Amino acid sequence: MSPPLPAFLLLISIAFTSASAVPLQPGFYAETCPEAEFIVKDVMRRNMIREPRSAASVMRFQFHDCFVNGCDASMLLDDTPNMLGEKLSLSNIDSLRSYEVIDEIKEELERVCPGTVSCADIIIMASRDAVVLSGGPDWEVKLGREDSLTASQEDANNIMPSPRANASLLMDLFESYNLSVKDMVALSGSHSIGQARCFSIVFRLYNQSGSGKPDPTIEARYKEKLNRLCPLGGDENVTGDLDATPTMFDNRYFKDLVAGRGFLNSDQTLYTFPETRKYVALFSQDQRTFFKAFVEGMIKMGDLQSGRPGEIRSNCRMVNRRPVNALLES
């Protein structure tokens, strides 16, 4: 049995349960900005041609946004003199990239239908399109979110898991958002595309759990490959593929976990923990079942909202300027 939820996760669960959420629906912009989804997908396609890694980067925006106070684009806000945003949080600094892709999408949308499409919805649409354009499943997204008026580096630090996390911690985190163990394993399949830094795995290779030895679950030949990629004392910003097909969204990630070739500790423990092992095995054998579960998880995660007041930002990196009369009234 998992230990009790940490206090901050319990508070998160209560907050999301009691929040008054904005109704979301497919086709939200059908009348106000009918070209919205086409524009998002077109910009994503162009960026993936220029920089293939942008697919994995943008897809992960949904995770890093929705888990921290709901899907409200808080993660896109730059720091201000009065606010430490989420971009420099422990889970985002030197990890998340491709913010400029969202900027480009927003600029095109503002030209076509100004003040209409939220940055929060852009993240949801672009994440979906990153999966589709990488060969993964397609699905209809629910839209109608507003953008947050603030962000919190502290909340991001407290909530987002480390690559050193294990399956037990991940289960607790996902449970706090009413996401099941199956949802968690399926959504971990987002690591079907992309790369991660040596910084995230050197402990696995040379000092797992403070033992001074490597993680015994790493397959021998794969460990030799990782040792060459990430030598002790080497450049920890060097990146390695998260699975054997890093630009193709497929179930190879799960096949690699079964074979002991998971790059991150948080990934490989999905196969060593009994509660998650059965889903890893299932998804490794049946890609269609994985795709279905992944879509279900992404839709459920996209429903997370804090119920806080919001707006439609003109620039995803900053809140809108308030009118002078509004400032005088406040």
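Everything quoted here is computed from the prediction, not taken from an experiment.
- Put simply, CD1 on I105 and CE on M125 are 8.0 Å apart, with the number rounded to the nearest 0.5 Å.
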Legend entry - Pair R164-S209, side chain to side chain donor-acceptor pair (under 3.5 Å): steps then yes or no: CA-CA 10 Å; R164 302 187 179 199; S209 302; over 6 Å; no
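- The shortest side-chain heavy-atom distance between Y99 and R317 falls under the 4.5 Å cut-off.
- Using a 4.0 Å cut-off between charged nitrogen and carboxylate oxygen, K182 and E296 do not count as a salt-bridge pair.
- We find that K87 and D79 are not joined by a salt bridge, their nearest charged nitrogen and carboxylate oxygen being 4.0 Å or further apart.
- Classification of R308 and D72 as a salt-bridged pair fails, no side-chain N sitting under 4.0 Å from a carboxylate O.
- Residues L270 and S188 have side chains in contact (heavy-atom distance under 4.5 Å, counting atoms from C-beta outward).
- Aromatic ring centres of F291 and F283: separated by at least 6.0 Å.
- Taking the side chain as every heavy atom from C-beta outward, K223 and P214 approach each other to under 4.5 Å.
- Taking the six-membered ring where tryptophan is involved, the planes of F290 and F254 are perpendicular, since the angle between them exceeds 60° and thus also 30°.
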For E104 and R50, what are the C-alpha separation, side-chain angles and deciding distance, and is it a salt bridge (charged side-chain N to carboxylate O under 4.0 Å, His left out)?
CA-CA 13 Å; E104 185 179 342; R50 290 197 296 263; 3.0 Å; yes
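- Residues L77 and S148 meet the side-chain proximity criterion, which asks for heavy atoms closer than 4.5 Å.
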